[in-house]
Protein chains: 2
Amino acid sequence: MPTPDSSPAAHLIAACGGRVTRTRIAVLEILQDSPRSLNHDDVAARLAADGMPHDRVTLYRTLDWLVEQGLAHRIIGPDRARRFKAGGEPRSQHAHFHCDRCGHVLCLESIRPDEQFTLPAGYQPERAELVFHGTCADCGRQRGAKA
Amino acid sequence: MPTPDSSPAAHLIAACGGRVTRTRIAVLEILQDSPRSLNHDDVAARLAADGMPHDRVTLYRTLDWLVEQGLAHRIIGPDRARRFKAGGEPRSQHAHFHCDRCGHVLCLESIRPDEQFTLPAGYQPERAELVFHGTCADCGRQRGAKA
DNA sequence: CAGCTAATGCAACATTGTAGCATTAGCTGC
DNA sequence: GCAGCTAATGCTACAATGTTGCATTAGCTG
């Protein structure tokens, strides 16, 4: 194979001071390639598709590590499973959109819940999480087709 | 014991067409008595405190039934566990507040996320879920005391 | 109060995530 | 390039939360 370092993902990982392993590179690239957040199974399936056999536990640890390093962030889905996406979250308090039709979770970077609300006196919010449920733009377009 | 029907909770249950059982009455009363949402364990602990021995499964089924009947609603906590609260949710799209200090989840009836945002074109939201994380009013007051 | 069946309680299982530990494989220094 | 250190992996077993199937109990109805 080509030197693993050829990938930008590998550079990001190295910059965190962690060891640059096949698993980390592959997982990070998978997250970066996806426009929507992926749960553990989604990632495992893609690793398998890439011919990378995998341990469940390693994947959990790899995903947690990426989040810890700020290379990915995580949200909890309605099915109480975690979903991951490349890129840290601390700076952007954006909203998410759960599509009830296709089940995907998308980021709405333009919506910032922390800037819009005034809480009752006494409450000191540090973080706001806003999730919309409904039909996403893609599914909305195909509305007549499959509904 | 006094006739079970003496309780308002019993009336609500009967009105749903379900059988009025000790468990349902007790669980619904527990939810109604709590200002904050309770997870499965919280409810189980209170049932035990009331001297009502309990099966885990029955409790899950009872809680699900109450939600199904619109007598309670449920939200998913950051620990990926469900939390329940008396009262339906369909009509009031209110926000929630997770206190990082005491771990409680409170309802902010005054904040309606569905009325405040304009999504990008194409998105058709049907429900919005807004959760704030931070310090609640109670914990904020005792700030110096225990932090 | 007899009978019907919803609700319960039990045991076993499913899913999602963690912990411990032996082995593998990145990295560093030579 | 190789040796050695140890982070990362992969395995097994376990924990937490929730579900399914089924026999038994107990509300409700006539």
Side-chain angles (χ1 to χ4, degrees), chain A residues 1 3-7 9-28 37-45 47-48 52-69 71-72 74-84 103 105, chain B residues 1-7 9-28 37-45 47-48 52-69 71-72 74-84 103:
Chain A
M1 58 181 157
T3 46
D5 311 80
S6 56
S7 126
H11 282 129
L12 283 172
I13 290 164
C16 290
R19 287 186 183 171
V20 181
T21 67
R22 282 177 317 149
T23 306
R24 286 180 178 170
I25 297 172
V27 171
L28 183 51
S37 58
L38 303 172
N39 64 24
H40 166 274
D41 270 348
D42 294 329
V43 179
L47 282 175
M52 285 208 42
H54 250 87
D55 181 53
R56 236 162 50 83
V57 179
T58 299
L59 183 45
Y60 274 112
R61 287 197 276 229
T62 301
L63 287 167
D64 285 346
W65 184 85
L66 291 173
V67 170
E68 203 177 300
Q69 303 304 316
L71 295 178
R74 140 174 96 192
I75 50 183
I76 294 191
D79 53 353
R80 80 180 189 287
R82 299 172 179 169
R83 286 160 192 279
F84 298 85
V105 178
Chain B
M1 55 179 158
T3 47
D5 309 82
S6 56
S7 123
H11 283 127
L12 283 171
I13 290 165
C16 290
R19 288 186 184 172
V20 181
T21 67
R22 284 177 316 151
T23 306
R24 286 180 177 171
I25 297 172
V27 171
L28 183 51
S37 58
L38 303 173
N39 63 23
H40 167 274
D41 270 347
D42 292 331
V43 178
L47 281 175
M52 284 208 40
H54 249 87
D55 181 55
R56 237 163 48 84
V57 178
T58 299
L59 184 45
Y60 274 112
R61 287 197 275 228
T62 301
L63 287 166
D64 284 347
W65 185 86
L66 290 173
V67 169
E68 203 176 298
Q69 302 305 315
L71 296 178
R74 135 176 100 190
I75 49 184
I76 294 189
D79 53 355
R80 80 179 188 289
R82 299 171 179 171
R83 287 161 191 277
F84 297 84

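A, B, ... follow the sequence lines: proteins, then strands. Residue 1 opens every chain. Every heavy atom of this structure was used, including side-chain atoms; hydrogens, water molecules and symmetry mates were not.
Of the possible polar contacts, none joining the B:Arg82 side chain to the B:His40 backbone as a donor-acceptor pair under 3.5 Å is found. At distances below 3.5 Å, at least one donor-acceptor pair connects side-chain atoms of B:Arg24 with backbone N or O atoms of B:Arg19.
In this structure, B:Phe84 places its CZ atom 10 Å from C1' of D:dG18, rounding to the nearest Å. The NE2 atom of A:His54 sits 13 Å away from the C1' atom of C:dT24 (whole-angstrom rounding). Spacing between atom CZ of A:Arg24 and atom C1' of C:dA25 amounts to 12 Å, rounded to whole angstrom units. Rounded to whole Å, atom P of D:dA16 lies 15 Å from atom CZ of A:Arg82. Residue A:Leu47 contributes atom CG, which lies 13 Å from atom C1' of D:dT9 at whole-angstrom precision. To the nearest angstrom, C1' of D:dT9 lies 17 Å from OH of A:Tyr60. In this structure, the CG atom of A:Asn39 is 10 Å from the C1' atom of C:dT16, given to the nearest Å. For B:Trp65 and C:dG9, the CH2 to P distance is 16 Å, given to the nearest whole Å.
Counting distance only, with no hydrogens placed and no angle test, the side-chain atoms of B:Arg19 and the base atoms of C:dT5 include a donor-acceptor pair under 3.5 Å. A donor and an acceptor atom never sit less than 3.5 Å apart when one is taken from the side chain of B:Arg80 and the other from the base of D:dG18.
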Audit row: B:Val20, B:His11, side chain to side chain contact (heavy atoms under 4.5 Å, CB included) steps and yes/no: CA-CA 8 Å; B:Val20 181; B:His11 283 127; over 6 Å; no
Side chain to side chain contact (heavy atoms under 4.5 Å, CB included) assessment of A:Trp65 paired with A:Ile13: CA-CA 10 Å; A:Trp65 184 85; A:Ile13 290 164; 3.9 Å; yes
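Of the candidates C:dT16, D:dT19, C:dG9, C:dT16 carries the atom nearest the A:Ala81 side chain, counting heavy atoms from C-beta on.
In this structure, the side chains of B:Ile76 and B:Arg83 stay at 4.5 Å or more apart for every pair of heavy atoms.
Residue B:Thr62 has no polar side-chain atom (N or O) positioned under 4.0 Å from OP1 or OP2 of C:dA7. Look at A:Thr58 and you'll find a side-chain N or O under 4.0 angstrom from OP1 or OP2 of D:dG10.
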Both atom distances under 3.5 Å, Watson-Crick or G-U wobble: I'd like the secondary structure of DNA chain D as a dot-bracket string, with | for pairs made across strands. ||||||||||||||||||||||||||||||
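Rounded to the nearest 0.5 angstrom, A:Phe84 CZ and A:Leu38 CG are separated by 10.0 Å. For the atom pair CG (B:Leu71) and CG (B:Leu63), the distance works out to 11.5 Å, reported to the nearest 0.5 Å.
If you find the closest nucleotide of DNA chain C to A:Asp64 and to A:Thr21, the one lying nearer the 5' end belongs to A:Asp64. Residue order along DNA chain D, read from the 5' end via each residue's closest nucleotide, puts A:Thr23 first among B:Arg56 and A:Thr23.
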